[in-house]
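The structure under discussion appears below in the form of structure tokens.
First the proteins, then the strands, lettered A, B, ... as listed; each starts at 1.
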Amino acid sequence: MKKLIESLLRQALSALPVSRVPPDARPAEVDVERTRDAAHGDFASNLAMRLAKTTRQNPRALAEALIDALPGHPAVAKTEVAGAGFINFFLKDTAYYDEVARILADSGQYGRSDQGGGRSVLLEFVSANPTGPLHVGHGRHAAYGATLGNLLEAVGYRVTREYYVNDAGRQMEILAVSTWLRYLERCGETLEFPANGYRGDYIATIAGQLHEAVGGELRRAAAEVFSGLPADEPRGGDKDAYIDALIARARALIGTDAFRRVLSVALDDILRDIQQDLGEFGVRFDRWFSERSLEDDGSVDRALAALEKAGHAYRRDGALWFKSSAFGDEKDRVMVRDNGVKTYFASDIAYIFNKLARGFDHLLYVWGADHHGYIARLRAGLVALGGPAGCFEVRLVQFVSLYRGGEKAQMSTRSGEFVTLRDLRREVGNDAARLFYVMRSNDQHLDFDLELATSRSNENPVFYIQYAHARVASVMRQMQGRGLEHDGRQGLARLGLLVEPQEVALMKRLSQYPETVEQAALQRAPHLLVHYLRDLANDFHTNYSAHQLLVDDPALRDARLTLSLAAQTVIRNGLGILGVSAPESM
RNA sequence: GCCCCGGUAGCUCAGUGGAUAGAGCGAAUGCCUCCUAAGCGUUAGGUCGCAGGUUCGAUUCCUGCCCGGGGCACCA
């Protein structure tokens with residue numbers, strides 16, 4: 001509907017003589033917005049005021065000229081010049097009736113568009129290290145990324161969802177050694193757990209499975225394991241040096257193959273858990289991309305070689321550096337350490353190289369806010385490899401705090417006492433979790449109120465929105481219980497009977513849905529859709545309270561039910577994008 | 001020190017180069033012989049952090065400052 005007004009204005013603009021508005025003064029896009037005040041009509045444009053600036057003409061006179069040039073359209077009742085030069089558009093009610101008809105005809109497709117023109121987007125999100133279960137922060141990434149993917153698809157992009165599995169590198173070795181130590185405890189050894197190890201209970205569980213599988217085969221005496229190692233942090237040593245020595249010792253005692261096996265057992269178990277968790281949460285990925293595969297198939301080496309060949313890499317102090325400062329980063333970055341070990345940055349370069357090679361039009365990353373310093377260097381890598389900087393986009397998600405009854409719930413990652421995503425889902429349910437996670441702007445720290453998420457009142461947007469949907473279903477059941485039928489064609493034909501202000505307000509709100517989806521997708525802002533649905537539910541409940549739907553007059557009843565079914569359709573579509581269910585009863 | 005995010009009603013947060021800045025909660029208060037009261041209505045509540053600048057017009061854009069959170073590794 002907004003598009004219609006924009007197109008009319010564009011036609012009017014191109015109809016103005018060049019002498020009046022030179023071509024280079026004409027904006028590529030005309031801005032049309034919904035009015036806040038009904039006295040200003042339904043839509044307004046500041047086009048004349050913008051032209052007035054560039055052409056140094058009177059804005060009101062320009063507005064008059066534009067209105068004169070405006071082609072007539074059956075949906076437009078009236079246009080006027082107002083204020084400093086606004087052009088206000090008043091629509092006929094029939095325009096909204098047509099929109100209701102479109103909603104019911106398009107049904108599940110209503111609100112979708114081909115704005116994206118089928119361009120391909122690689123959306124990478126979550127990508128949490130497989131060193132433990134997902135916690136509530138990852139949950140926000142999952143909900144945000146999944147909703148973003150749905151939004152982009154709704155406006156015509158081809159979206160590939162990918163989870164980058166960091167299954168290589170030192171963190172994996174720490175995971176393996178942590179598992180092995182718990183296994184030794186299970187075998188009966190007594191030991192002091194390293195400060196830098198993974199301490200969560202899940203490690204002991206995995207160690208138990210390992211013990212069942214291999215018995216005492218990998219058991220070594222604790223004295224043998226720990227003799228001659230440097231001091232750990234609690235004893236005044238360096239925890240990193242200590243755990244590295246411990247890893248080397250483990251390798252030496254049980255052999256590289258067995259160490260690898262322990263690593264695989266732990267990794268497979270944790271990854272399976274993550275996949276199951278996200279699956280239950282309704283978050284699906286097209287591909288789980290293994291970091292290790294990039295190393296195994298030589299991609300990392302090739303990417304490093306490509307950078308060296310292009311003259312963007314150099315050696316210093318025994319390390320291989322990427323000259324990222326030449327591409328806007330604040331300083332150069334190490335890719336291969338002086339001990340020959342590649343940094344994670346090396347594989348991330350290889351990964352982005354891989355993404356480019358797969359021919360995506362756009363690379364969209366969702367990262368935690370703590371990774372913002374990483375944006376410049378990865379973009380630098382992309383550009384150095386010959387990729388277009390414009391296709392690279394990162395959206396940062398701020399942190400999540402849990403509140404329970406006004407008290408902040410504590411989380412800490414290494415202690416193993418964090419609140420997992422699974423715990424959260426069990427407590428508040430998937431629907432509430434999905435919606436609460438995307439209710440706030442991703443730029444905003446999120447205070448997740450556990451009590452609110454489970455409360456059954458209109459302050460809880462989940463129940464409030466779902467209830468509006470269920471209420472329509474309930475009325476339809478009620479109608480059938482009375483032996484009545486709904487005549488949809490009659491309803492559409494008699495929408496003119498809907499003259500109550502609450503009914504008109506509901507129709508106007510419904511017509512905003514396609515704009516809202518588009519805006520939310522293009523701004524990467526799912527929270528706009530949540531707010532819209534809340535407002536829509538409010539309009540529905542208001543109308544429901546003000547006017548009986550199941551009235552005796554069949555024509556009026558059909559019209560009202562038709563409008564209600566349209567509202568139900570839009571709510572269902574919107575909740576679908578959010579990954580929230582639309583129940584028939586509550 | 002540098003970089004990112006935030007500062008809008010008592011609280012949690014939307015919003016925008018335009019016309020009188022919004023919602024929910026909380027507070028006060030009204031509505032069930034009637035389709036789900038898991039609902040609806042009414043009232044009160046604001047120096048859009050502060051100071052400059054650009055503009056016909058700034059809460060919105062720019063600069064500086066203040067406050068809160070985060071980041072500045074040959075860790076992931």
**Report entry** Under 4.0 Å protein heavy-atom contact, by nucleotide of nucleotides 67-73 of chain B - B base, S sugar-phosphate only
**Finding:** --SBSSS
Report task. Mind running a 4.0 Å heavy-atom check of residues 552-572 of chain A against RNA chain B and sending the residues that fall below it, in number order? Result -> none
Query raised in the report: What does nucleotides 53-59 of chain B look like as a protein-contact string, B for base, S for sugar-phosphate only, - for none, at under 4.0 angstrom between heavy atoms?
Result: --S-B--
Query raised in the report: With a 4.0 Å cut-off on heavy atoms, is A:Thr131 in touch with a base, just the backbone sugar-phosphate, or nothing at all?
Result: nothing
Query - ring pair (Phe, Tyr, Trp, His ring centres under 6.0 Å) partners for A:Phe392, two or more places apart - result: A:Tyr365
Requested in this report: Can you run down the salt bridge (Lys or Arg N to Asp or Glu O under 4.0 Å) pairs that involve residues 540-549 of chain A, sequence neighbours left out, and say none if there aren't any?
Outcome: none
Query - Close residues, residues 515-523 of chain A, relative to RNA chain B [heavy-atom separation under 4.0 Å] - result: A:Gln519
Report task. Describe the nucleic acid contact of A:Asp338 in one word from base, sugar-phosphate, nothing, applying a heavy-atom distance below 4.0 Å. Result -> base
Query raised in the report: For RNA chain B, what string of dots and brackets results from 5' to 3' when Watson-Crick and G-U pairs need both distances under 3.5 Å, crossing pairs get [ ], and pairs with another strand get |?
Result: (((((((..((((....[...)))).(((((.......))))).....(((((..]....))))))))))))....
Are there any protein N/O atoms within less than 3.5 Å of an N/O atom in nucleotides 33-35 of chain B, and if so, which ones and at what distance?
from	atom 1	to	atom 2	distance (Å)
B:C35	O3'	A:Gln478	OE1	3.2
B:C35	O2	A:Leu550	N	3.2
B:C35	N3	A:Leu549	N	3.0
B:C35	N4	A:Tyr544	O	2.4
B:C35	N4	A:His547	O	3.0

Report task. Would you please name every residue forming a side chain to side chain contact (heavy atoms under 4.5 Å, CB included) with A:Asp535, sequence neighbours left out? Result -> A:Arg509
Report summary line: Comparing A:Glu33 with A:His527, nearest RNA chain B nucleotide closer to 5' gives the residue A:His527
Report task. Quick one: label A:Asn460 by what it contacts on the DNA or RNA (base, sugar-phosphate, nothing), any heavy atom closer than 4.0 Å. Result -> nothing
Requested in this report: Classify the nucleic acid contact of A:His40 as base, sugar-phosphate or nothing, counting any heavy atom under 4.0 Å across all strands shown.
Outcome: base
Report task. Check if the side chain of A:Asn88 and the base of B:A19 share a donor-acceptor pair of N or O atoms closer than 3.5 Å. Result -> yes
**Report entry** Counterpart residues, salt bridge (charged side-chain N to carboxylate O under 4.0 Å, His left out), relative to A:Asp31 (two or more places apart)
**Finding:** A:Arg50
Query raised in the report: Base, sugar-phosphate, or nothing for A:Asp329, non-hydrogen atoms under 4.0 angstrom?
Result: nothing
Report task. Have a look at A:Leu528 and say if it touches a base, only the backbone sugar-phosphate, or nothing, with a 4.0 Å heavy-atom cut-off. Result -> sugar-phosphate
Please write out each protein N/O paired with an N/O of nucleotides 41-46 of chain B under 3.5 Å, distance rounded to 0.1 Å.
from	atom 1	to	atom 2	distance (Å)
B:G41	OP1	A:Thr542	OG1	2.9

**Report entry** With A:Tyr242 via ring pair (Phe, Tyr, Trp, His ring centres under 6.0 Å) - residues at least two apart
**Finding:** none
Report task. With heavy atoms under 4.0 Å as the rule, sort A:Ala39 into base, sugar-phosphate or nothing. Result -> nothing
